[in-house]
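Keep in mind the model is a prediction, meaning the values are calculated, not measured.
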Amino acid sequence: MIDSKQASEALDEINEIARCVRQSTIYNLTSLMLIMWGVLVFAGNITLFLWPRTAGYVWFAVDAIGIAGSFAISALDYTRTRIRTFDIRMLVAFLLFLAFGIFCSWLGHFTSRQMGTFWPIYFMLVYAIAGLWVGYAFVAIGLGITALTLIGYFFVGGWFEPWMAVVNGGGLILGGLWMRRS
């Protein structure tokens with residue numbers, strides 16, 4: 001027989017293990033998505049550097065491929081865990097998030113360099129906020145990429161797009177790889 005104190009300690013241990021498993025599952029799925037988005041963003045920034053007039057098409061393609069890839073990664077994870085992680089609510093939330101960003105961009109009349117700074121910072125805000133609930137790795141990724149984006153905006157000059165390919169795309173890839181080992 002166990003007393004109530006031992007039972008309480010056992011339940012606390014079970015809750016801690018469940019929390020660790022939940023965080024590990026989130027990190028595994030998110031790491032795959034971060035790596036995918038990082039490769040897409042890297043390619044988008046390099047394409048923008050080489051062919052600046054294609055920006056609208058490039059970022060539309062990056063977003064469309066990224067959303068489809070996120071659904072595919074989630075579907076593969078669902079077959080393994082039977083837990084939905086990227087469902088219709090996530091799609092709607094992402095589309096609302098994009099719509100608000102587009103509205104802010106339109107309202108702000110940003111230059112291309114300002115747009116190249118706004119969007120990464122806007123996305124990293126979500127990572128940092130999510131990190132307050134799901135793990136501080138998200139906060140570190142969000143704040144790190146934001147700081148490097150601002151350094152690039154103010155100090156890099158004409159090499160801003162390649163800088164952003166490395167900082168934003170490379171940062172997402174490194175963040176995804178870092179989360180895989182966590």
Side-chain angles (χ1 to χ4, degrees), residues 1-44 62-101 104 117-152 164-182:
M1 294 285 283
I2 62 172
D3 62 15
S4 65
K5 184 180 178 205
Q6 290 172 322
S8 177
E9 289 172 356
L11 287 174
D12 287 343
E13 283 183 41
I14 291 169
N15 285 336
E16 179 61 20
I17 291 169
R19 186 195 66 75
C20 289
V21 168
R22 187 171 37 255
Q23 184 176 23
S24 176
T25 302
I26 289 169
Y27 273 30
N28 183 49
L29 179 69
T30 304
S31 71
L32 294 172
M33 287 188 188
L34 280 174
I35 293 167
M36 178 203 61
W37 278 99
V39 169
L40 291 172
V41 167
F42 184 90
V62 165
D63 288 339
I65 294 167
I67 291 169
S70 295
F71 266 111
I73 290 169
S74 179
L76 290 173
D77 188 61
Y78 177 74
T79 59
R80 188 176 60 83
T81 64
R82 293 289 179 216
I83 299 171
R84 287 226 185 270
T85 52
F86 195 81
D87 58 9
I88 193 70
R89 293 175 301 164
M90 288 295 290
L91 174 63
V92 171
F94 187 76
L95 292 176
L96 287 171
F97 179 76
L98 276 178
F100 183 74
C104 289
T117 304
F118 168 76
W119 283 101
I121 291 173
Y122 183 57
F123 274 95
M124 291 306 111
L125 173 65
V126 173
Y127 279 93
I129 291 171
L132 298 175
W133 281 271
V134 298
Y136 293 118
F138 286 87
V139 176
I141 292 167
L143 294 179
I145 291 174
T146 296
L148 291 171
T149 297
L150 291 172
I151 289 168
M164 289 308 298
V166 171
V167 165
N168 196 11
L172 291 172
I173 293 167
L174 284 175
L177 293 172
W178 176 37
M179 292 178 86
R180 292 201 69 73
R181 107 181 154 74
S182 294

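- The side-chain hydrogen bond (donor to acceptor under 3.5 Å, both in side chains) analysis of residues 167-177, with sequence neighbours excluded, yields no pairs.
- Of all non-hydrogen atoms in F71 and L91, the two that sit nearest each other are CZ-CB, 3.7 Å.
- Residues C104 and F118 come closest through the heavy atom pair CB-CZ, 3.9 Å.
- Nearest heavy-atom pair, G176 versus S31, reported as atom, atom and distance to 0.1 Å: O-CB, 3.1 Å.
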Cut-off 3.5 Å, no hydrogens considered: what does the side-chain donor-acceptor table look like for residues 120-127, sequence neighbours left out?
from, atom 1, to, atom 2, distance (Å)
Y122, OH, F97, O, 2.8
Y122, OH, G101, N, 3.4

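- Contact between W37 and S70 at its shortest, heavy atoms only, is NE1-OG, 3.0 Å.
- By the 4.5 Å heavy-atom criterion applied to side chains, W119 and L98 are counted as neighbours.
- Within the 4.5 Å cutoff, the side chain of L34 has no heavy atoms near those of the I173 side chain.
- Put simply, CG on L40 and CD1 on I35 are 12.0 Å apart, with the number rounded to the nearest 0.5 Å.
- Summarising the geometry, atom CD belonging to E16 is positioned 13.5 Å from atom CG belonging to L11; distances are rounded to the nearest 0.5 Å.
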Show me the side-chain donor-acceptor pairs of residues 138-150 shorter than 3.5 Å, one per line, residues at least two apart or across chains.
from, atom 1, to, atom 2, distance (Å)
T146, OG1, G142, O, 2.8
T149, OG1, I145, O, 2.7

